[in-house]
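A short write-up of the structure that comes next.
Predicted model, so just to flag it, every value in this text is computed and none were measured. Hydrogens, waters and symmetry mates are skipped; everything else that's a heavy atom, side chains included, is used. In this chain, residues are counted from 1 in sequence order.
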Amino acid sequence: MPRLSSYRDFDWVLLGFVLLLSVISVLEIKSATLHTKFHGFDHKQIQFLAVGLVLMFLISLIDYHRLIDIIHWAYGISILSLVAVLIVGTKVLGGRRWIKFPGGIHFQPSEWVKLILILAVARYFWGLVGKELTWADIGKAAAMVCVPMALVLKQPDLGTALTYLPILICGLFLGGIRFKQVGLIVLAIALVGGIAVKSGKHLKPYQQARINAFINPDSDPRGSGYQIRQSLIAVGSGGIWGKGANKGTQTQGDFLPIPYTDFIFAAFCEEHGFVGAIGVLLLYFLILMRLIQNAQTASDLPGSFIIMGVVAVIVFQIAVNVGMVVGLMPVTGIPLPLLSYGGSSVLFTFLSLGIVMNIRMRRFVN
């Protein structure tokens, strides 16, 4: 008789790390918005976290194999939702990224597409297990990811579109791509990317400005280079121990831009210093190690593929956001998982963790 999954097999240790990071998020959002018009966003973040927890427990009860079986329908709906954003989406700051529903609810399909792509790519490469990857296989996988990616780029939302790439890369790696194929792909991307960046014809003006600011922030210190400069000042002024909560001059003085979302790590570094930053990064490390451990103990390949897809997205977001804050990456608007304010990001993360818990709870089921 197969043993039924139960919450005894839930990864409570992983949940503990996640909740600890969530508490830090709420406290930092409260501090970062204390003297701004965004004061009170910490309460909204608590609401997002509460909904995320409920969704995580609910999705953990649905056998992930059923989700894999219907993923082609979910993928089709996701494409339609991205097209709907371009047609009827709410325009904010020059971009259409949300669909507005009655009651003031804003839905951002591009965030949910990440989860659908993780499942879709896992199913695709599961079907190729034991087979040597051909260029046709690689092309189909790339098309699966690049179609929604192109639609998100049209919004435009470069940051979210970039988060789709690690899903594809992870799938290709786990699917058994050969080093020769990797080399040819990297060479082609480097050539095309180099030509595009040099010509600037395929970049929006603000994207070109961000690249220029990344290369030389001092070229426009009050314009495109302002965000990076203020972020570096905030991180550096925190020192070893930080200035303390509600005492960061860059954050509280409203010099640091959007300190509750994209630059929340810079705000945290100013208030809690190097020691606090290392503590948060250690928490991320522990979360990722638990996720990888769950991938290793999954009962089948699709489960392992799905968890590693989640790991790939989270690692990418952490690396880009932290790199952006310390000047090692261009400003792309990618939130820091579980720390940055935002309903779509929080709900995506908790839904992803719910599927991870789902897989863990069924690791002994035959």
Side-chain angles (χ1 to χ4, degrees), residues 7 10-36 38-60 111 234-235 238 240-248 250-252 256 258-291 293-294 310-311 313-315 317-319 321-322 325 334-357 360:
Y7 283 116
F10 207 80
D11 195 339
W12 297 104
V13 174
L14 173 60
L15 181 59
F17 291 145
V18 168
L19 291 179
L20 178 56
L21 195 56
S22 299
V23 170
I24 293 173
S25 168
V26 172
L27 294 175
E28 186 55 41
I29 291 170
K30 180 179 180 180
S31 176
T33 60
L34 187 61
H35 302 296
T36 71
F38 304 107
H39 179 61
F41 272 24
D42 53 307
H43 297 123
K44 290 185 178 181
Q45 186 76 347
I46 292 173
Q47 294 173 5
F48 295 146
L49 291 168
V51 174
L53 277 170
V54 172
L55 291 176
M56 181 184 70
F57 280 102
L58 288 176
I59 200 169
S60 69
E111 279 289 335
V235 172
I240 299 297
W241 301 104
K243 297 180 177 180
N246 309 327
K247 296 180 180 178
Q250 296 300 117
T251 303
Q252 301 302 324
L256 184 65
I258 46 178
Y260 56 95
T261 54
D262 297 349
F263 289 92
I264 194 169
F265 189 69
F268 187 84
C269 288
E270 183 181 28
E271 296 185 351
H272 303 282
F274 178 78
V275 173
I278 291 299
V280 165
L281 293 177
L282 177 61
L283 262 178
Y284 277 123
F285 175 77
L286 294 173
I287 289 171
L288 291 169
M289 288 302 101
R290 292 295 299 189
L291 289 172
Q293 183 183 48
N294 286 325
V310 173
V311 170
V313 173
I314 293 177
V315 168
Q317 289 184 292
I318 294 170
N321 185 278
V322 174
V325 163
I334 293 178
L336 193 56
L338 296 171
L339 206 63
S340 293
Y341 169 84
S344 296
S345 176
V346 168
L347 296 181
F348 158 75
T349 304
F350 274 92
L351 280 172
S352 299
L353 292 173
I355 294 181
V356 171
M357 299 297 187
R360 175 185 169 86

Mind checking whether Val310 and Ile355 have side chains closer than 4.5 Å, heavy atoms only? no

So, the side chain of Tyr341 versus the backbone of Lys44: is there a donor-acceptor pair under 3.5 Å, distance only? no

Report the C-alpha separation of Leu15 and Met357 in whole Å, then their side-chain angles, then the decisive distance to 0.1 Å, and conclude whether the side-chain contact (heavy atoms from CB on, under 4.5 Å) test is met. CA-CA 9 Å; Leu15 181 59; Met357 299 297 187; 4.3 Å; yes

So, the side chain of Ser25 versus the backbone of Leu21: is there a donor-acceptor pair under 3.5 Å, distance only? no

CD1/Ile258 to OG1/Thr33 distance, rounded to the nearest 0.5 angstrom? 13.5 Å

Between the CG atom in Leu288 and the CZ atom in Phe17, the distance rounded to the nearest 0.5 Å is 11.5 Å

Any side-chain heavy atom of Val54 sitting closer than 4.5 Å to one from Phe350? no

Can you tell me how far apart CD1 (Ile334) and OG1 (Thr261) are? Round to the nearest 0.5 Å. 12.5 Å

Listing request: all salt bridge (charged side-chain N to carboxylate O under 4.0 Å, His left out) pairs with a residue in residues 342-351, at least two apart in sequence or in separate chains. none

Counting distance only, does the side-chain N/O of Ser352 pair as donor-acceptor with the main-chain N or O of Phe348 below 3.5 Å? yes

Under a 4.5 Å cut-off applied to non-hydrogen side-chain atoms, are Leu351 and Met56 in contact? no

Side chains of Leu291 and Ile314: closer than 4.5 Å at any heavy-atom pair? yes

Can you run down the side chain to side chain donor-acceptor pair (under 3.5 Å) pairs that involve residues 50-59, sequence neighbours left out, and say none if there aren't any? none

Filter on salt bridge (charged side-chain N to carboxylate O under 4.0 Å, His left out), then keep only pairs touching residues 267-287, sequence neighbours left out; what's left? Lys243-Glu270

Sub-3.5 Å donor-acceptor pair from the side chain of Glu28 to the main-chain atoms of Ser340, do we have one? no

I want to know whether Phe57 and Phe10 have ring centres closer than 6.0 Å. yes

Going from CG on Asp42 to CD on Gln47, what distance comes out if it is rounded to the nearest 0.5 angstrom? 10.0 Å

To check you understand the geometry: which heavy-atom pair defines the closest contact between Leu256 and Phe263, and what is its length? CD2-O, 3.8 Å

Would you say Phe41 and Gln45 make side-chain contact, with heavy atoms under 4.5 Å? no

Would a distance-only check, ignoring hydrogens and angles, find a side-chain to backbone donor-acceptor pair under 3.5 Å from Asn321 to Asp262? yes

Just so I know, are the side chains of Leu14 and Asn294 near enough to count as touching, which here means a heavy-atom distance under 4.5 Å? yes

With side chains defined as the heavy atoms from C-beta onward, is the minimum distance between Val51 and Val346 less than 4.5 Å? no

Can you tell me how far the CG atom of Leu338 sits from the CD atom of Gln317, to the nearest 0.5 Å? 9.5 Å

Ile264 versus Phe268: any side-chain heavy-atom pair under 4.5 Å? no

